[in-house]
Amino acid sequence: MSTVLHPLIPDEPPRDGGFNDALLDGLNPRQREAVEYRGSALLIIAGAGSGKTSVLTRRIAGLLQSREAWPSQILAITFTNKAAAEMRERVGALVGQQAEGMWISTFHSACVRILRREAENFGFTKSFTIYDSADSRALIKRIIKELDADTFGFTVSQASGKISKLKNELMDVESYARGANFNDPNEVMFLEIFRRYTQELARANAFDFDDLIGQTVYLFRAFPQVAALYQRRFRHLLVDEYQDTNHAQYALIRELTKPVKQGDLPLDLQGKGSLEPASLTVVGDSDQSIYAFRGADIRNIVEFERDFPRSKTILLEQNYRSTQNILDAANAVISNNFDRKDKKLFTTIGAGEKITGFTGYSGHDEAQFVADEITKLRDEGIAYKDIAVFYRTNAQTRALEEIFIRSALPYRVLGGTKFYERAEIKDAMAYLITVANPADPLALRRIMNTPKRGIGPATETALQSWADDHDVSLREAMRHADELGLGPKVTGAILGLTAALDEVQLTVDTAKPSDILAELLKKSGYVEALRASRDPQDEARAENVEELLAVTKEFSKNNPEGTLLDFLTEVSLVAAADDLDDTSGTVSLMTLHTAKGLEYEAVFLTGVEEDLLPHRMSANEPGGPAEERRLFYVGITRARQRLYLSLAMTRAQFGDVNVAMPSRYLQEIPADLIDWKQSPGMANSRGGTQPRALNARRDGSSWGTSLREAAGLPPAPVREKTVWASEVTGKVRDNGDLTLAAGDRIRHTDFGEGRVMEVTGEGAKRVAAVQFDTAGRKRLLIKIAPIEKL
DNA sequence: ACAGAAGGGCTTTTT
DNA sequence: GCCCTTCTGT
């Protein structure tokens, strides 16, 4: 092996053929072709569950094994970090250590890597901060306030949404201004917001999420010699979930697959290596495009063949995941989207069980059904970790969680309010960001008076004006606090904080993140202040901060060389689905969006109601209802063996209860595929093909019924059990040391009387299995269930 | 400067 | 139902 001439670029790989046939074992002819095809561009249309990850990993392994490519010449883009980790692992299993040098990451991570290396080319430093959506909203909020733009009717979410959209289209302030209508005061104001926002980001040495992609494209276009390095380096690009790429991501791919210009390379590389464009493989399924709201452009995949004229397309339709009943339902639903290439999933697995349908009176009733069915599945031998519950909006978790806690079902919520969104964690992170990137005023403002140091808004404004007048950073202004004529106490507090930050800052490139954090927490007195507080919640907050400290230690263990910047990058880019830990034996709860790319033995798709799925907000958007249908389709196709569709007749929203109607999509599923345990009356009267409601009765025993009548709906079926006498509240009950033993009689506020059959678990986690007289068998967490001993 | 109370607005999905 | 902003009194 000859020496490597440029750190980025290894030599040409030797081409000695050798393709291990084991890589093709167990593949169908189409999959084989997708692994073996060689050419400039390949589009793999991979239906849900068609084994695309297998194909992709084997394709990469093949390139490595046959010596067509060095690991470092491969760039594979996935949608989530979790998917990247899985792909890396699976390629590693096929080819061993070689997997190390490949770039397998998300668009965002790959771009951060490039930008950290190249930021100095265009006015940033490598220690730039990444603003997440909350950060960028905070900045926009400030700007709107400064400009009094709210009097024009500008809201933060409007402005940030519009800016994000423009950035996804690679529009910057200048190009937007060119097409702007200057007679429209609204547009002028928006332009000013956009301009300031862009300026502030640059001054803060920060990129927002959209910039990570957009600025990388800009970098490649403005600096051809930089682009040439990466064009030459990456010989094989593979992009997963191509249907969800936006225009900026598409442009990035185009840049990377341009032919390498000889003259743009450094002298020592000229004439070395191939100057052909890199080969491109994209995998996707337009039926699973669910991110149009975020700028994903389905045309990228639909027009691939036009974009890359010498491309080859391979269609994978055989499904290896689900039963035929589930696939029939999925096919039936998706065929209602008219503007799609016809594609039908099929399997050789067999029909399998019917889909189970259920209509609850309320979200809680629905949740109870889910909990009960999960218990039954468990009895059939399906592990908790193989069961997932999906919903359209995060707000729906509340009812599910309440019931799951009561029922002692182990669960975890993927996404939702994450650890890093907690105020105390953001505070601690802001300390870290402040020392990593002193130019960032957003982080500095957050910690300036946290913990309380007597530096209030007035002082902050004074500091900021001084900074503006002297054209220095906010941080620099703080160092000159004694020149501002502030009170001695405030001045001392500012100088004290600045000195502490400056001191820690000296160590950022060398010290471990955990040591830096510990030092900052000590010097700032943050944890101390939390512990001293008399707010009982602050104790928990202090523990969360300790938890963050543990996270940094764990990070250093996994990345011995990892710097503070590496840590901050990792934290900025972790997504909801990324903390997925398959080994934990719990039921998984997540939104339909998070569910993409995952699969489970049993899937509960909840809240299949109008205004929820499809969501009310999608109704006005062009293509909205079709995208919602794809979302439903994605949910259905996650299931291997068992699928449950559930809804409620009433749903709590904004604090009060509304009547809910069955989703239009339910009628698109052939009636004989669904076994309704309790069917929605509405679906019957509209579709006419489904079985009549069972046991329909007008006994007025449930408020659900009367609400339906008030709304002019036919009477709902009434189950004898589980009419919620009392609303389940979010308050944590505590039965203290109530002890129960097998044989005891108890009364439950919702289920009535029953007999304890068995008690398991210890202490606060003791669980009673109870046979109720009318409501069946339930598992209850003794400590908090609404029960009394008789 | 800050704590606590009262009032308004809002939630689709996320890298 | 909750969170965030604003107002009021110290």
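Chain naming here is simple, since letters A, B, ... match the order of the sequence lines and numbering starts at 1 in each.
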Using a cut-off of strictly less than 4.0 Å, decide whether A:Asn168 has a side-chain nitrogen or oxygen near OP1 or OP2 of B:dT15. no

Quick one: A:Ile163 CD1 to B:dT15 C1', roughly how many Å, whole number? 18 Å

Calculate the interatomic distance between A:Tyr391 atom OH and B:dT13 atom P; express it in whole Å. 10 Å

Looking at A:Tyr242 versus A:Tyr250, is the centre-to-centre ring distance below 6.0 Å? no

Under 3.5 Å, side chain of A:Glu609 to main-chain N/O of A:Ala648, donor-acceptor pair present? yes

Look at the aromatic rings of A:Tyr230 and A:Phe220 and report parallel, tilted or perpendicular, splitting at 30° and 60°. tilted

Atom pairs, N/O to N/O, protein against nucleotides 7-9 of chain B, distance under 3.5 Å?
none

Axial cation check for A:Tyr420 ring with A:Lys426, 6.0 Å and 45° limits: no

Kindly say if A:Thr594 contacts the phosphate of B:dT14, meaning a side-chain N or O under 4.0 Å from OP1 or OP2. yes

Counting just side-chain N and O atoms, does A:Asn394 come under 4.0 Å of either OP1 or OP2 of B:dT14? yes

Would the distance check show the side chain of A:Asp132 and the main-chain N or O of A:Asp135 forming a donor-acceptor pair, the cut-off being under 3.5 Å? yes

Within the modelled atom types, does a donor on one side and an acceptor on the other bring the side chain of A:His615 and the base of B:dT12 under 3.5 Å apart? no

Mapping A:Ala458 and A:Thr155 to their closest nucleotides on DNA chain B, which lands nearer the 5' end? A:Ala458

Please produce a list of atom pairs where a protein N or O lies less than 3.5 Å from an N or O of nucleotides 6-10 of chain C.
none

Counting side-chain heavy atoms from C-beta on, which of B:dT13, B:dT15, B:dA1 comes nearest to A:Thr393? B:dT13

Could you state the CD-C1' distance from A:Gln288 to B:dT13, rounded to the nearest angstrom? 16 Å

Does a side-chain N or O from A:Thr591 land closer than 4.0 Å to OP1 or OP2 of B:dT12, or not? no

Nearest-angstrom distance from the residue atom CZ of A:Phe209 to C1' of B:dT15: 6 Å

State whether the aromatic ring of A:Phe293 stacks on the base of B:dT13, taking stacking to mean ring centres under 5.5 Å apart and ring planes under 30° to each other. yes

DNA chain B: A:Lys452 or A:Leu631, which has the more 5' nearest nucleotide? A:Lys452

Using a 4.0 Å heavy-atom cut-off across all strands, classify A:Tyr291 as base, sugar-phosphate, or nothing. sugar-phosphate

